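Structure, as structure tokens:
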Amino acid sequence: MKRKCAQKAMEMIDDGMVVGLGGGSTVALLIQEIAKSGRNIQAVTPSQDTLRLCIEHQIPALPLEMTDTVDIAFDGCDELDAGLNALKSCGGIHTREKIVASMAKEYVLLADEEKWKQQLTFAHPITIEVVRAAVSFVKKCLVQMGAHVQERRSDGKVGMLVSDDGNYLIEAEFQNVGNIAKLSAELDQIPGVVGHSLFYQIATKAIIAKAGDAEVVEKKQ
């Protein structure tokens, strides 16, 4: 199904485009499809893993910090709803992903049908990137908002995990979220929060991979 998703994404890519490529296994397959097609594109990516794959497949990559416009961007997600709101928690690079999404004329999320729900279930926590000086304060704010809060850690590292930009990563588990717009706005307004993995009204399209085919879904106006 992921291969079908990548092949459908290829139909949206033309020669000469600057293409945003996020992280994850479906994007990795899309890179293979781009290399096979021989399309003349330039890539921009928030992901070090994706950057390495572009180099391996001889796809030119522009530095993210020197780019301000992207023709179309593709990214995976952990959960996706009918309004194309998404959670992109697991990778921990959501702040950079939102930068690429904001640059893009079209931002397309790639998902299989198991991830696509009528409403977000918040089975995944919201990952929040926080400047170091604000960690304790942001934790307190999240608890007051009703979240169960944990620091993101790994067995392979002592202490909290940090983002590629040197900020701390916190996991906030919310239950029974009734108003996604309100939650997203409240998270944005906490001083010290650099970014969070709830993508509210950001995607313009999604490609949903199903057993028989891949379907393109557009955001309802």
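This is a predicted model, so every value here is computed, not measured.
- Atom SG in C77 sits 10.0 Å away from atom CD in E97 (nearest 0.5 Å).
- Inter-residue side-chain proximity for L120 and V177 is flagged as unmet; no heavy-atom pair is nearer than 4.5 Å.
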Apply side-chain contact (heavy atoms from CB on, under 4.5 Å) to the pair K115 and E79, showing each step before the final yes or no.
-> CA-CA 5 Å; K115 295 178 179 178; E79 298 182 34; 5.7 Å; no
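- Side chain of N40 to backbone of D15: no donor-acceptor contact under 3.5 angstrom is found.
- Residue V18 comes nearest to D71 through the heavy atom pair N-OD2, 2.7 Å, listed as atom of the first residue, atom of the second, then distance.
- Cluster annotation: V19 is connected to V27 through the hydrophobic network of ILVMFWY side chains, with a link wherever side-chain heavy atoms come within less than 4.5 Å.
- Counting only heavy atoms from C-beta outward, the side chains of T67 and M103 approach each other to under 4.5 Å.
- Although no hydrogens or angles enter the test, the distance criterion places no donor-acceptor pair under 3.5 Å between the side chain of D165 and the main chain of N167.
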Show your working on side-chain contact (heavy atoms from CB on, under 4.5 Å) between I34 and I41 and close with a plain yes or no.
-> CA-CA 9 Å; I34 293 170; I41 66 126; 4.0 Å; yes
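- Applying the salt bridge (Lys or Arg N to Asp or Glu O under 4.0 Å) definition to pairs two or more places apart or across chains, those involving residues 123-141 are K139-E151.
- By the 4.5 Å heavy-atom criterion applied to side chains, I31 and I59 are counted as neighbours.
- The cluster map of Ile, Leu, Val, Met, Phe, Trp and Tyr, joined by side-chain heavy atoms under 4.5 Å apart, puts M10 and M1 in different clusters.
- Residues V162 and L64 do not share a hydrophobic cluster, clusters being chains of Ile/Leu/Val/Met/Phe/Trp/Tyr side chains in contact below 4.5 Å.
- Here V217 is tied into one hydrophobic group with L80, L84, Y107, L109, W116, F199, I202, I208, each link being a pair of ILVMFWY side chains closer than 4.5 Å.
- Looking at T50, its side chain does come within 3.5 Å of a backbone N or O of G22 through a donor-acceptor pair.
- In this structure D164 satisfies the salt bridge (Lys or Arg N to Asp or Glu O under 4.0 Å) test with no other residue, sequence neighbours excluded.
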Can you list the steps and then say if R39 with D14 is a salt bridge (charged side-chain N to carboxylate O under 4.0 Å, His left out)?
-> CA-CA 7 Å; R39 297 264 165 83; D14 295 323; 5.6 Å; no
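- Taking 4.5 Å as the limit, some side-chain heavy atom of L142 sits within range of a side-chain heavy atom of L187.
- In this structure, L21 CG and L51 CG are separated by 10.5 Å, a value rounded to the nearest 0.5 Å.
- E173 places none of its side-chain heavy atoms less than 4.5 Å from the side chain of V149.
- Under the 4.5 Å side-chain heavy-atom criterion for Ile, Leu, Val, Met, Phe, Trp and Tyr, L87 and L183 are members of the same hydrophobic cluster.
- Judged as a side-chain contact (heavy atoms from CB on, under 4.5 Å), and not counting sequence neighbours, S102 has no contacts.
- Side-chain atoms of M145 and F174, non-hydrogen and from C-beta on, do get closer than 4.5 Å to each other.
- Considering only residues two or more places apart in sequence or on other chains, E114 meets the side-chain contact (heavy atoms from CB on, under 4.5 Å) condition with D112.
- Of all heavy-atom pairs between I93 and P46, the closest is CD1-O, 4.0 Å.
- In the hydrophobic cluster analysis, where Ile, Leu, Val, Met, Phe, Trp and Tyr join through side-chain heavy atoms closer than 4.5 angstrom, V44 is grouped apart from F74.
- Among residues two or more places apart in sequence or in another chain, the side-chain contact (heavy atoms from CB on, under 4.5 Å) test is passed with A104 by V70, A73.
- Of all non-hydrogen atoms in A211 and E113, the two that sit nearest each other are N-OE2, 3.8 Å.
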Take D213 and K4 through the test side-chain contact (heavy atoms from CB on, under 4.5 Å) and record every step on the way to the result.
-> CA-CA 7 Å; D213 197 4; K4 289 174 184 174; 5.5 Å; no
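- At least one side-chain heavy atom of I13 sits less than 4.5 Å from a side-chain heavy atom of L30.
- If you check the side chains of Q201 and N85, you find a donor sitting under 3.5 Å from an acceptor.
- Residues satisfying the side chain to side chain donor-acceptor pair (under 3.5 Å) criterion with Q32, sequence neighbours excluded, are R3.
- Residues satisfying the salt bridge (Lys or Arg N to Asp or Glu O under 4.0 Å) test with K182, not counting sequence neighbours, are E186.
- For the pair R52 and D49, the minimum side-chain heavy-atom distance is below 4.5 Å.
- Closest heavy-atom contact between T26 and C5: CG2-CB, 4.0 Å.
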Extract all donor-acceptor atom pairs below 3.5 Å that involve side chains of residues 189-197 and protein atoms in other chains or at least two apart in sequence.
{"unit_1": "H196", "atom_1": "ND1", "unit_2": "L198", "atom_2": "N", "d": "3.3"}
{"unit_1": "H196", "atom_1": "ND1", "unit_2": "L198", "atom_2": "O", "d": "3.4"}
{"unit_1": "H196", "atom_1": "NE2", "unit_2": "D188", "atom_2": "OD1", "d": "2.8"}
{"unit_1": "S197", "atom_1": "OG", "unit_2": "S89", "atom_2": "OG", "d": "3.0"}
{"unit_1": "S197", "atom_1": "OG", "unit_2": "T127", "atom_2": "N", "d": "2.8"}

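- Around atom CD of Q144, more than 12 heavy atoms belonging to other residues, nucleotides or ligands sit under 6.0 Å away.
- For residues 116-126, the set of pairs meeting the salt bridge (Lys or Arg N to Asp or Glu O under 4.0 Å) definition, not counting sequence neighbours, is empty.
- Residues that satisfy the side chain to side chain donor-acceptor pair (under 3.5 Å) test with E106, not counting sequence neighbours, are T204.
- With sequence neighbours excluded, the residues that form a salt bridge (Lys or Arg N to Asp or Glu O under 4.0 Å) with K210 are E215.
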Please lay out, stage by stage, how K8 and V216 fare under the test side-chain contact (heavy atoms from CB on, under 4.5 Å).
-> CA-CA 8 Å; K8 182 66 76 172; V216 178; 3.8 Å; yes
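- A distance of 10.5 Å separates CD1 in I99 from NE2 in H94, rounded to the nearest 0.5 Å.
- If you take NZ on K88 and CG on D78, they are separated by 7.0 Å, rounding to the nearest 0.5 Å.
- One distance of note links CG of L53 with OG of S47; it measures 8.0 Å at 0.5 Å rounding.
- Atom OG of S163 is separated from atom CD1 of I128 by 13.5 Å, given to the nearest 0.5 angstrom.
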